[in-house]
Amino acid sequence: MKKIVIALLVVICVLSMIISYKVYARSGEDLLNSDTTGKLIEIKEKSSKELDDYVEAYGDETYGFTAYILNKVRFFSIPLCFLGIAVGAIYQYVIGIRNMGTRYKGFFAVIAFVTILVICQVLPFIFVVVVKFGRS
């Protein structure tokens with residue numbers, strides 16, 4: 001009796017996955033064909049224009065692409081590092097009250113994320129100084 005019930009549940013789960021996949025795939029195609037395609041093309045064109053601006057400003061495709069990537073890293077490192085610092089602080093001050101090993105892990109995580117944040121914020125500036133003023 002248990003084997004029959006388990007087999008029936010497995011069949012129901014497989015059928016529900018197949019049906020839901022077909023419904024979501026069809027609605028995803030309709031959504032992709034409607035408004036999302038225009039927004040994706042708009043985002044791609046904006047990113048391409050921004051990359052072209054960097055290439056024009058630096059005079060070389062490699063330097064422009066590197067500056068573009070460093071700018072994106074600088075921009076996205078701020079929230080990610082603040083999130084890492086918050087998690088490290090929770091490990092250090094909340095969870096680490098009872099366990100010294102956890103307290104040290106939290107402390108080292110905070111130090112690591114602060115270091116990463118400083119490096120990600122200073123590296124684009126150093127790149128600009130070296131590329132703009134270092135080469136003639």
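Both backbone and side-chain heavy atoms feed into the values below; hydrogens, waters and symmetry mates do not.
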message: Could you go through Phe82 and Leu117, starting from their C-alpha distance and side-chain angles, then the distance that decides it, and tell me whether this counts as side chain to side chain contact (heavy atoms under 4.5 Å, CB included)?
response: CA-CA 8 Å; Phe82 280 145; Leu117 180 65; 4.2 Å; yes
message: Set out, in order, the CA-CA distance, both residues' side-chain angles and the distance that settles salt bridge (Lys or Arg N to Asp or Glu O under 4.0 Å) for Glu50 and Lys72, then state yes or no.
response: CA-CA 11 Å; Glu50 188 177 354; Lys72 293 297 181 186; 3.7 Å; yes
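By the criterion of side-chain heavy atoms lying less than 4.5 angstrom apart, applied directly or through intervening Ile, Leu, Val, Met, Phe, Trp or Tyr residues, Val114 is grouped together with Ile78 in one hydrophobic cluster. Cluster membership for Ile126 and Val118, using ILVMFWY side-chain heavy atoms within less than 4.5 angstrom, is shared. Leu123 and Phe75 fall into different hydrophobic clusters, defined by Ile, Leu, Val, Met, Phe, Trp and Tyr side-chain heavy atoms under 4.5 Å apart, directly or through other members. Linking Ile, Leu, Val, Met, Phe, Trp and Tyr whenever their side-chain heavy atoms come within less than 4.5 Å puts Ile69 and Val128 in one cluster.
The structure places CD1 of Ile41 at 8.0 Å from NZ of Lys44, a figure rounded to the nearest 0.5 Å. To the nearest 0.5 Å, atom CZ of residue Phe127 and atom OG1 of residue Thr66 are 4.5 Å apart. Here Asp52 contributes atom CG and Glu61 contributes atom CD; the two are 9.0 Å apart, rounded to the nearest 0.5 Å. Rounded to the nearest 0.5 Å, atoms OG (Ser48) and OH (Tyr68) are 8.5 Å apart. Taking CG from Leu80 and CD1 from Ile85, the interatomic distance works out to 11.0 Å, rounded to the nearest 0.5 Å.
Across all their heavy atoms, Leu70 and Pro124 have their closest contact at O-CG, 3.6 Å. The minimum heavy-atom distance between Gly88 and Ala109, with the atom names listed, is CA-CB, 4.1 Å. Here the closest non-hydrogen pair linking Thr115 and Ile111 is OG1-O, 2.8 Å.
Ile4 belongs to no hydrophobic cluster, as no Ile, Leu, Val, Met, Phe, Trp or Tyr side chain comes under 4.5 Å of its own. Connectivity analysis of hydrophobic side chains (ILVMFWY, heavy atoms under 4.5 Å, direct or indirect) links Tyr91 to Val87, Ile90, Val94, Ile95.
Side-chain contact check for Phe65 versus Leu51: some heavy-atom pair is nearer than 4.5 Å.
Cation-pi geometry between Lys132 and Tyr58 is met: the NZ or CZ atom falls under 6.0 Å from the ring centre, inside 45° of the normal.
A distance-only check finds a donor-acceptor pair linking the side chain of Ser47 to the backbone of Ile43 [under 3.5 Å].
Residues forming a side chain to side chain donor-acceptor pair (under 3.5 Å) with Asn71 (at least two apart in sequence, or on another chain): Tyr54, Arg74.
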